[in-house]
K.L.:
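Please see the structure below; I have some questions.
Numbering of ligands and ligand atoms starts at 1, following listing order.
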Amino acid sequence: MPLVVTPQSPHRRPSHPLPAAPPAARAVRNRAPLQPGAFALLPLGAIRPQGWLRRQLEIQARGLTGHLDEIWPDVGPNSGWLGGTGESWERGPYYLDGLLPLAYLLQDDALIAKANKYVEWTLTHQAASGALGPPTNTDWWPAMVMLKVLTQYADATGDPRVVPALTKYFTYHLNEAGQRPLHQWAVYRWADEVLSIVWLYNRTGDPRLLTLARTLHNQGADWGRHFTSFEFDHKTSTVDLALMPGDKEFSDRAMRAHGVNTSMGLKTSAVWSQISGDQADRDAVVQALAVLDKFHGQPNGMFTADEHYAGRDPSEGTELCAVVEAMFSLEQALAVRGGVELADRLERISYNALPATLSPDMWAHQYDQQANQVLCSLRNRRWVSNGPESNLFGLEPNFGCCTANLHQGWPKLVASLWMGTPDLGLAAVAYGPSDVRARVGRGIGVTIEERTDYPFRQDIELVIKPDVPYAFPLQLRIPAWAANATVTLNGVAVEGVTPGTFLKLQRTWRPGDRIALHFPMTPAVTAWYRDGVSIDRGPLVFALPIGEDWRKVTQGLKHPATAPAADWEIYPTTPWNYGLLAEPGSGTGLKVDEESVGETPFNATSPAVSIHVTGRKVPEWQLEDGSAGTLPQSPVISAEPDEALTLVPYGSARLRVTVFPRVAGNGK
Ligand SMILES: [Zn+2]
């Protein structure tokens, strides 16, 4: 199959509307003997953010992502990935893996120039051996990230140098693999290299690539077995994992109990199934999510790991790297396997866990977020193995991996909202305001405009604009939570709308055809740790926002921020220790208010949607070691007065209570 990508003009300015008929790209589907995917990812640039999602990406561009190289030496001018003597391991590639897609999604010339500097150095400094990156690096792992950067870059630009560079690199890796097997992090992250191997195989058909993929499988960790015979049904400890201060090498057990490795490992079996052809590999991600939910699950869609598995208490932490890697794993697993449950999960993490752990202006981030996060301050907490800076909002709290890696979250979500289908149509996999332009069927260009304030609203309008009237299949995800969902096509109700399935519409589409999706977002009361309760509405989780007093930290940090970045503690200014008068089940009676989605979509002062509930203080629930104390077993008795509480989207509240004790009575 020839390389088919969209040539993008680097000169288009941000915020321009789409021209009438720009070039359209086709999803590249798997070449035999690779197993066909349920979907196929569209090349970077085929999907453009609009509405609040574009504003979010523009905030990101004005924030840390657009400026990190100016203030953080590890990705600055002395980076090993620019030929310097500075950081020469994962941080440069991590940064690029988010900066580059952000730049091309926004068509922002300045950001494109920034990203392309590192790409250019990498492509023009490939060693004669085929090695990529700083010559001092001998670890396979960081190049795995840069390979993902290069494939996105090739998709966005059509640069013909990428295919030969990758071919040369993989030949080199195949030749070296016997004497220099995967080591440490690379053992657990091998599927990330297989993604780029599959990308290249679909373009060249070189059989040596599949040999290399099998070699990596043989040398890499068995994530399938990790999840099917899961050993970590408890909060881990440094003793349990044999972790010693200052360790540079970790045991297999510690590596498998590691949050970021686990998030990356979620996709591994699905990625490998393209080569193994094994249905069990393909479906393994579903069981993996179930086991993580059972022992470490949180309402934001994630599991705790700070930085190793930490159990279900909502005061335990989840690392930002684990959030963005879980999103990426779900995007990749979705392309291979399909499945509404994976897309529902992707939205849950993206629209809750991701914004919650970044400051509204995206200049500061946390290392660890807590579902019940009532105080962010510099002190030791009951983390498994993280340090005293871990829940600060800052430039490099605790450790700089998240500083470098956070950037991929939003851009890759946007790039995965739409995918190609095996029958040459398109699928709306996840929802958010966007346009997609792609080739369908025998190469006809089609643009679909998705107009919505989802996930803050229940309605989505799709305007279909094929270049000429043309028949192709369109698949629309009906979220599992969307009971009584309705779909109309040009005002006429569509039959067979079933939550938890993809609705397939096969017809001749004409320019201006309109589809209206209505996904009723009835509040739901869900049960969590120690029979506590949480409130959902559609893909959003709701939390009690606590008044926030942001105080700059200038002392006692390992790596204090350079202006204009800063490090922050957040102190609560309002009480947090409430229980809810709510029983698990439908929250039909709960009152919902919708306000406009602001310039900053996730902010606590003017939330786009709020839910009104009744609660009572639970006086015995107090701070323990700087965090909300262990959640009292529900039901709890409280003689305190009823109070009207207003909950906001989890992602809007940087101090919050998300899992509440359930108040059963007043004890009288
Ligand atoms: Zn990290």
Side-chain angles (χ1 to χ4, degrees), residues 60 63-65 68 72 74-75 87 89-99 139 141-142 144-146 148-149 184-186 188-189 192 236 241 243 247-248 250 254-267 292 296 298 300-310 316-330 349-350 353-359 362-370 373 376 381 383-412 557-559 561 565 567:
Q60 182 174 354
L64 211 47
T65 307
L68 188 62
W72 202 50
D74 283 357
V75 299
E87 211 270 353
W89 195 49
E90 68 183 12
R91 292 185 180 181
Y94 263 163
Y95 178 42
L96 271 284
D97 198 24
L99 172 65
D139 184 355
W141 151 241
M144 292 181 186
V145 185
M146 189 50 90
K148 292 188 295 176
V149 174
Q184 283 284 293
W185 300 104
Y188 300 88
R189 301 174 173 187
D192 282 61
T236 57
L241 301 173
L243 294 167
D247 274 351
K248 290 271 185 279
F250 303 96
M255 287 296 229
R256 288 187 295 105
H258 185 268
V260 183
N261 285 350
T262 294
S263 281
M264 298 177 75
L266 279 172
K267 67 178 169 295
L292 290 171
H296 307 285
Q298 296 293 308
N300 58 24
M302 285 297 300
F303 56 93
T304 62
D306 53 27
E307 85 178 37
H308 300 84
Y309 296 142
E316 305 294 350
T318 297
E319 185 185 336
L320 173 48
C321 281
V323 173
V324 294
E325 293 293 354
M327 288 171 60
F328 182 63
S329 279
L330 288 164
I349 297 172
S350 306
L354 179 65
T357 200
L358 299 160
S359 64
M362 290 191 75
W363 268 99
H365 73 276
Q366 294 178 291
Y367 194 87
D368 286 326
Q369 70 178 291
Q370 301 155 287
Q373 181 166 284
C376 296
R381 286 181 166 73
W383 313 124
V384 173
S385 51
N386 283 152
E389 302 178 1
S390 296
N391 80 354
L392 299 182
F393 281 78
L395 176 65
E396 193 182 343
N398 192 55
F399 190 71
C401 53
C402 305
T403 312
N405 193 16
L406 69 89
H407 314 276
Q408 65 169 315
W410 284 119
K412 290 187 185 173
L557 298 173
K558 279 187 293 182
H559 300 283
D567 299 293

K.L.:
List in chain and number order the residues that pass side chain to side chain contact (heavy atoms under 4.5 Å, CB included) with A404, two or more places apart in sequence or in another chain; answer none if no residue qualifies.
P.N.:
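Partners of A404 under the side chain to side chain contact (heavy atoms under 4.5 Å, CB included) test: W72, R91, Y94.
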K.L.:
Restricting to side chain to side chain contact (heavy atoms under 4.5 Å, CB included), what partner residues turn up for S350, sequence neighbours left out?
P.N.:
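Residues passing side chain to side chain contact (heavy atoms under 4.5 Å, CB included) with S350: M327, L346, L413.
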K.L.:
For P355, what residues pass the side chain to side chain contact (heavy atoms under 4.5 Å, CB included) criterion, not counting sequence neighbours?
P.N.:
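Scan of P355 (side chain to side chain contact (heavy atoms under 4.5 Å, CB included), adjacent residues dropped) gives W410, F602.
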K.L.:
Going through the checks in order, is the side-chain hydrogen bond (donor to acceptor under 3.5 Å, both in side chains) test met by Q60 and T65?
P.N.:
CA-CA 6 Å; Q60 182 174 354; T65 307; 3.0 Å; yes
K.L.:
Does a donor on one side chain sit under 3.5 Å from an acceptor on the other, for Q373 and N391?
P.N.:
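No, no side-chain donor-acceptor contact under 3.5 Å.
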K.L.:
How many protein N, O or S atoms are found at a distance of less than 2.8 Å from the Zn ion (ligand 1)?
P.N.:
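The number of such protein atoms is 4.
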K.L.:
Side-chain donor-acceptor pair under 3.5 Å between E325 and Q408, yes or no?
P.N.:
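A donor-acceptor contact under 3.5 Å links the two side chains.
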